[in-house]
Amino acid sequence: MTTFDKREQGFEAKFVHDEELMFKATARSNKLLGLWAASRLGLTGDAAANYATTLVTDHLQDRTMNEVVDEVSADLAASGVAREQVAQKLQECLHQALAQLEADKQ
């Protein structure tokens with residue numbers, strides 16, 4: 001195996017690791033956002049957990065952050081929560097999820 005081959009394998013391994021990390025972070029941040037939204041909707045217990053889980057599992061592979069924000073914004077529109085608030089909360093949840101994953105790794 002040449003140095004080039006080893007280097008290529010290293011890049012491929014890093015790519016796989018980064019993709020896995022972003023998948024986990026996205027799922028975790030969507031769940032955190034779902035729990036936040038559920039509390040704003042007045043949901044508790046199993047209803048809140050189901051709302052958050054549905055937000056994570058529905059179209060997990062092909063859903064963009066904008067679609068998640070749109071869905072939660074639509075759910076919270078009657079509560080007076082603006083789309084910008086939901087988008088900001090999703091960013092906070094993503095940072096929190098990355099921090100949690102980093103802590104779990106150590």
Side-chain angles (χ1 to χ4, degrees):
M1 180 176 289
T2 67
T3 302
F4 181 77
D5 291 334
K6 289 179 186 177
R7 192 169 180 185
E8 183 178 16
Q9 281 184 338
F11 282 125
E12 288 173 0
K14 181 175 179 358
F15 177 79
V16 169
H17 175 266
D18 290 349
E19 287 295 309
E20 183 179 328
L21 178 65
M22 279 313 299
F23 177 82
K24 288 179 180 180
T26 299
R28 191 173 290 206
S29 66
N30 286 355
K31 184 165 188 169
L32 292 170
L33 180 69
L35 292 172
W36 172 80
S39 71
R40 303 286 282 197
L41 292 167
L43 302 175
T44 59
D46 287 342
N50 288 339
Y51 181 88
T53 300
T54 300
L55 195 61
V56 172
T57 58
D58 282 359
H59 312 293
L60 188 61
Q61 295 293 331
D62 59 352
R63 181 183 263 184
T64 66
M65 291 178 83
N66 280 332
E67 291 170 333
V68 172
V69 170
D70 288 343
E71 181 179 336
V72 174
S73 295
D75 292 344
L76 294 175
S79 301
V81 178
R83 186 184 192 287
E84 293 77 24
Q85 287 177 284
V86 175
Q88 180 180 358
K89 187 63 179 179
L90 181 56
Q91 287 300 315
E92 292 172 14
C93 290
L94 183 57
H95 291 295
Q96 183 180 0
L98 286 168
Q100 288 175 356
L101 288 168
E102 187 63 34
D104 290 349
K105 193 168 70 171
Q106 295 176 357

Exercise for review: Starting at CG of L76, measure out to CD of Q85 and round the result to the nearest 0.5 Å.
Suggested key: 9.0 Å
Review point. How long is the gap from CG on L101 to OG on S29, to the nearest 0.5 Å?
Key: 9.5 Å
Point to revise | L33 and its side-chain contact (heavy atoms from CB on, under 4.5 Å) partner, picked from V72, L94, V69 | key: V72
**Study point:** Close side-chain approach of F11 to V16, heavy-atom, < 4.5 Å
**Key:** no
Exercise for review: Using only heavy-atom distances, determine whether the side chains of N50 and T53 contain a donor-acceptor pair under 3.5 Å.
Suggested key: no
Point to revise | Where M65 and L90 come nearest, the two heavy atoms and their spacing | key: CE-CD2, 3.8 Å
Practice item. To the nearest 0.5 Å, tell me how far Q96 CD sits from K89 NZ. Key: 7.0 Å
Review point. A97 and A25: which non-hydrogen atoms are nearest, and at how many Å?
Key: CB-O, 3.6 Å
**Study point:** Evaluation steps, side-chain contact (heavy atoms from CB on, under 4.5 Å), between K6 and T3
**Key:** CA-CA 5 Å; K6 289 179 186 177; T3 302; 5.7 Å; no
**Study point:** Joint hydrophobic cluster, V86 plus V56, side-chain heavy atoms closer than 4.5 Å
**Key:** no
Practice item. Check L43 against A48 and note the closest heavy-atom contact, atom names and distance. Key: O-CB, 3.7 Å
Point to revise | Test applied, side-chain contact (heavy atoms from CB on, under 4.5 Å); reference residue, T26; option that passes from M22, K24, R28 | key: M22
Review point. Atom CG of D58 and atom CG of N30: how far apart are they, to the nearest 0.5 Å?
Key: 10.5 Å
Check your understanding: Do D18 and F15 come within less than 4.5 Å of each other through their side chains, counting heavy atoms only?
Key -> no
Practice item. Might you work through the side-chain contact (heavy atoms from CB on, under 4.5 Å) test for Y51 and D46, ending with a clear yes or no? Key: CA-CA 8 Å; Y51 181 88; D46 287 342; over 6 Å; no
Point to revise | Spacing of OG1 belonging to T54 relative to CD belonging to E71, to within rounding of 0.5 Å | key: 8.5 Å
Practice item. Would you give the length of the straight line joining atom CG of D75 to atom CG of L41, rounded to the nearest 0.5 angstrom? Key: 6.0 Å
Exercise for review: Count the heavy atoms belonging to other residues, nucleotides or ligands that lie under 6.0 Å from CZ of R40, then report whether that count exceeds 12.
Suggested key: no
